[in-house]
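This report concerns only the one structure given below.
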Amino acid sequence: MKCADGILRTGSTTDIDRRVKEHSRKKGGGCTRCHLPAKLIYKEPCLSRCEAQKREHQIKTWSRDKKFALISHNKSALHELSKSHD
């Protein structure tokens with residue numbers, strides 16, 4: 001999610017529609033609650049909760065630029081940022 005002030009938040013859930021509604025009603029995480037409105041700008045499916053949590057952790061460690069490369073599906077930038085920051 002991207003908050004009103006530009007902060008990117010990464011999370012995982014079993015029900016994306018419910019979770020987005022919770023955030024919009026200030027029932028989400030503390031950070032998004034304080035930085036509304038927040039907008040869902042990227043999602044990807046995972047086969048299991050464990051896989052989703054691992055992916056969430058991985059993305060949370062990335063730079064802002066690398067996250068935007070993922071969001072925009074810019075594979076070449078994602079590859080370059082992976083070489084210089086991982």
Over all atoms of both residues, closest heavy-atom pair of Cys46 and Ala52: SG-CA, 3.6 Å

Residue pair Leu81 / Ala69: nearest heavy atoms and the distance that separates them: CD1-CB, 4.1 Å

Spacing of His23 atom NE2 and Arg9 atom CZ [to the nearest 0.5 Å]: 9.0 Å

Close side-chain approach of His57 to Thr61, heavy-atom, < 4.5 Å: yes

Nearest heavy atoms of Trp62 and Lys67, plus distance in Å: O-CE, 3.4 Å

Minimum side-chain heavy-atom gap Arg18-Val20 below 4.5 Å: no

Validation row: Phe68, Leu8 side chains within 4.5 angstrom (heavy atoms): yes

Interatomic spacing from OG1 in Thr10 to CE in Met1 - rounded to 0.5 Å: 11.0 Å

Contact summary for Asn74 and Ser76, nearest pair of heavy atoms: OD1-OG, 3.1 Å

Ser24 OG to Leu40 CG distance, which is reported to the nearest 0.5 Å: 11.5 Å

Step-by-step side-chain contact (heavy atoms from CB on, under 4.5 Å) determination, Ile16 to Thr13: CA-CA 6 Å; Ile16 191 75; Thr13 182; 4.1 Å; yes

Where at least one partner belongs to residues 47-59, residue pairs that pass salt bridge (Lys or Arg N to Asp or Glu O under 4.0 Å), sequence neighbours excluded: Glu44-Arg55, Glu56-Lys60

Spatial distance of atom CG (Asp15) from atom CZ (Arg19) [nearest 0.5 Å]: 10.5 Å

Any donor-acceptor pair under 3.5 Å from Ser63 side chain to Lys66 backbone: yes

NZ/NE/NH1/NH2 to OD/OE distance under 4.0 Å, Arg25 and Glu22: no

Gap between atom CG of Leu70 and atom CG of Leu78 - 0.5 Å precision: 6.0 Å

